[in-house]
J.: 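Here it is, the structure, as C-alpha cells.
Residue numbers start at 1 and run along the sequence shown. Because the structure is a prediction, the values reported are computed rather than measured.
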Amino acid sequence: MVSRRTRTRTEIGANRKTTGYERERQTMNGTDWLVLDANEEIRWQGRPRLMSALPALLIGLFLVVGSIAVAVTAGEPIAFLLFPLGITLPVLSYLTISNTRFVVTDRALYRKTGILSRNVRQLSINRVQNSRFRQGIRGTMFDYGTVGIEVAGGGGLRFQNIESPRDVRATIDRQATTASIPGTLAQWNEVLEEVRALRFAIEGGRGRNRR
C-alpha cells in the first residue's frame with residue numbers, strides 16, 4: 001500500500017509537471033500573460049492580421065522616398081526630418097500588432113495590448129449582450145475584420161482586424177449562450193435522474209391504488 005505521504009508527494013510532483021507544461025505551452029502560443037481559472041478552457045485566440053499594417057507601411061514608404069527626393073532635387077536638407085518618421089510609422093504599427101492578443105474562453109473575453117507595458121482587459125462571458133462584426137473592402141477581399149462586443153452595464157470590447165471575424169463572433173455568441181444557462185451538465189443530469197425517480201414512484205403508487 002502506498003503511504004499517504006508518498007501519494008501526496010506524487011500528486012504534487014504531477015501537478016508541478018502539469019503546471020510547467022502549461023506555462024511552456026502558453027509561452028509558445030504567446031499567451032504566457034494569460035491567467036486562467038481552474039477548468040477554464042480556451043475556445044479561440046488570435047491577434048490583428050499583419051496586413052492591417054499595410055497603410056502605415058505605404059505612408060512610411062511615401063515619407064521616406066519623398067524626403068529623399070525633396071532633399072536631393074530641391075536642395076532642402078530639412079526634408080530629411082521626415083525620414084525618421086517614415087521609418088517609425090510602419091515599425092510602430094508592426095510592434096502594436098505583434099504585441100496585441102485576443103482570447104475567448106468558456107468563461108471570459110481577454111484583450112492584451114501594449115508594447116513597452118502590458119494592459120490586459122477581461123470581460124466575463126455572461127455579461128455579453130450583443131456582438132457584431134464589420135469588414136471593409138480589404139477585409140472582405142482577404143477575410144478579416146473587427147468584432148465588437150457589447151456588455152451589460154455599458155462599455156464593451158473590440159477585436160480589431162482579426163481573421164474570420166464571422167466565425168469568431170459565432171464562437172463568442174455560442175459561449176455566451178452556454179454561460180446563460182444556469183448549472184452544469186452534471187447537475188442537470190442529476191435533476192433528470194431525480195425527475196425519473198419521482199415519476200417512477202408516482203406511477204408505482206397509481207398502480208398499487210388500482211389494485
J.: Please check if Ile137 and Phe133 belong to a single hydrophobic cluster, counting links between Ile, Leu, Val, Met, Phe, Trp and Tyr side chain heavy atoms closer than 4.5 Å.
T.: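 Hydrophobic grouping puts Ile137 apart from Phe133.
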
J.: What are the two closest heavy atoms between Asp173 and Ser131, and how far apart are they?
T.: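 Closest approach of Asp173 to Ser131, heavy atoms only: OD1-OG, 2.6 Å.
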
J.: Quick check: does any side chain N or O of Arg101 sit under 3.5 Å from a backbone N or O of Ser98, one acting as donor and the other as acceptor?
T.: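 Checked: pair present.
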
J.: Please answer: with hydrophobic residues joined when any side-chain heavy atoms are less than 4.5 Å apart, are Ile59 and Leu54 in the same cluster?
T.: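 Not linked; separate clusters.
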
J.: Is there side-chain contact between Tyr94 and Leu50, with heavy atoms separated by less than 4.5 Å?
T.: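 Yes, at least one pair of side-chain atoms sits under 4.5 Å.
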
J.: Enumerate the residue pairs fulfilling salt bridge (Lys or Arg N to Asp or Glu O under 4.0 Å) with a member in residues 147-167, sequence neighbours excluded, ordered by first and then second residue.
T.: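 Every pair satisfying salt bridge (Lys or Arg N to Asp or Glu O under 4.0 Å) with a residue in residues 147-167: Arg49-Glu163, Arg132-Glu150.
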
J.: If you link ILVMFWY side chains whenever their heavy atoms are less than 4.5 Å apart, which other residues fall into the same cluster as Val65? By chain and number, please.
T.: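 Same cluster as Val65: Leu61.
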
J.: In Å and rounded to the nearest 0.5 Å, what is the CZ to CG distance from Arg127 to Leu109?
T.: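 Going from the CZ atom of Arg127 to the CG atom of Leu109 covers 10.0 Å.
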
J.: Do the non-hydrogen side-chain atoms of Gln135 and Asp143 ever get within less than 4.5 Å of each other?
T.: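 Side chain of Gln135 against side chain of Asp143, heavy atoms only: contact under 4.5 Å found.
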
J.: Are Ile97 and Met51 linked, directly or through intermediate hydrophobic residues, by side-chain heavy-atom contacts shorter than 4.5 Å (ILVMFWY only)?
T.: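 Per the 4.5 Å side-chain linkage, Met51 and Ile97 are not co-clustered.
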
J.: Can you tell me how far apart CD (Glu40) and CG (Leu34) are? Round to the nearest 0.5 Å.
T.: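 That separation rounds to 7.0 Å.
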
J.: Looking at CZ of Arg107 and CD of Gln175, how far apart are the two atoms once the value is rounded to the nearest 0.5 Å?
T.: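 Rounded to the nearest 0.5 Å, the CZ-CD separation comes to 11.5 Å.
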
J.: Quick check for you: to the nearest 0.5 Å, what is the distance between Ile125 atom CD1 and Asp106 atom CG?
T.: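 One gets 8.5 Å once the value is rounded to the nearest 0.5 Å.
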
J.: So do the side chains of Ile172 and Phe159 get within less than 4.5 Å of each other, counting heavy atoms only?
T.: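 The answer is yes, as the side chains (C-beta and beyond) meet within the 4.5 Å cut-off.
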
J.: State, without any angle test, whether Tyr144 and Arg138 hold a side-chain donor-acceptor pair at a distance under 3.5 Å.
T.: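 Yes.
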
J.: Atom NZ of Lys112 and atom CG of Asn99: how far apart are they, to the nearest 0.5 Å?
T.: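 Here the interatomic distance stands at 5.0 Å.
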
J.: Just to verify, which of Leu36, Leu157, Val104 counts as forming a side-chain contact (heavy atoms from CB on, under 4.5 Å) with Tyr110?
T.: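 Looking at Leu36, Leu157, Val104, the match for Tyr110 under the side-chain contact (heavy atoms from CB on, under 4.5 Å) is Leu36.
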
J.: Please determine whether residues Val128 and Leu123 belong to a single hydrophobic cluster, defined as Ile, Leu, Val, Met, Phe, Trp and Tyr linked transitively by side-chain heavy-atom distances below 4.5 Å.
T.: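 Looking at the clustering, Leu123 is in the same group as Val128.
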
J.: Please output the side-chain donor-acceptor pairs of residues 80-93 that fall under 3.5 Å, not counting sequence neighbours, one pair per line with the distance.
T.:
unit_1 : atom_1 : unit_2 : atom_2 : d
Thr88  : OG1    : Pro84  : O      : 2.7

J.: If you draw a 6.0 Å radius around CG in Asn39, do more than 12 non-hydrogen atoms from other residues or ligands fall strictly inside?
T.: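 Counting other residues, nucleotides and ligands, CG of Asn39 stays at 12 neighbours or fewer.
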
J.: Nearest 0.5 Å please: distance from the OG1 atom of Thr146 over to the CD1 atom of Ile162.
T.: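 Answer for the OG1-CD1 pair, Thr146 versus Ile162, is 7.5 Å.
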
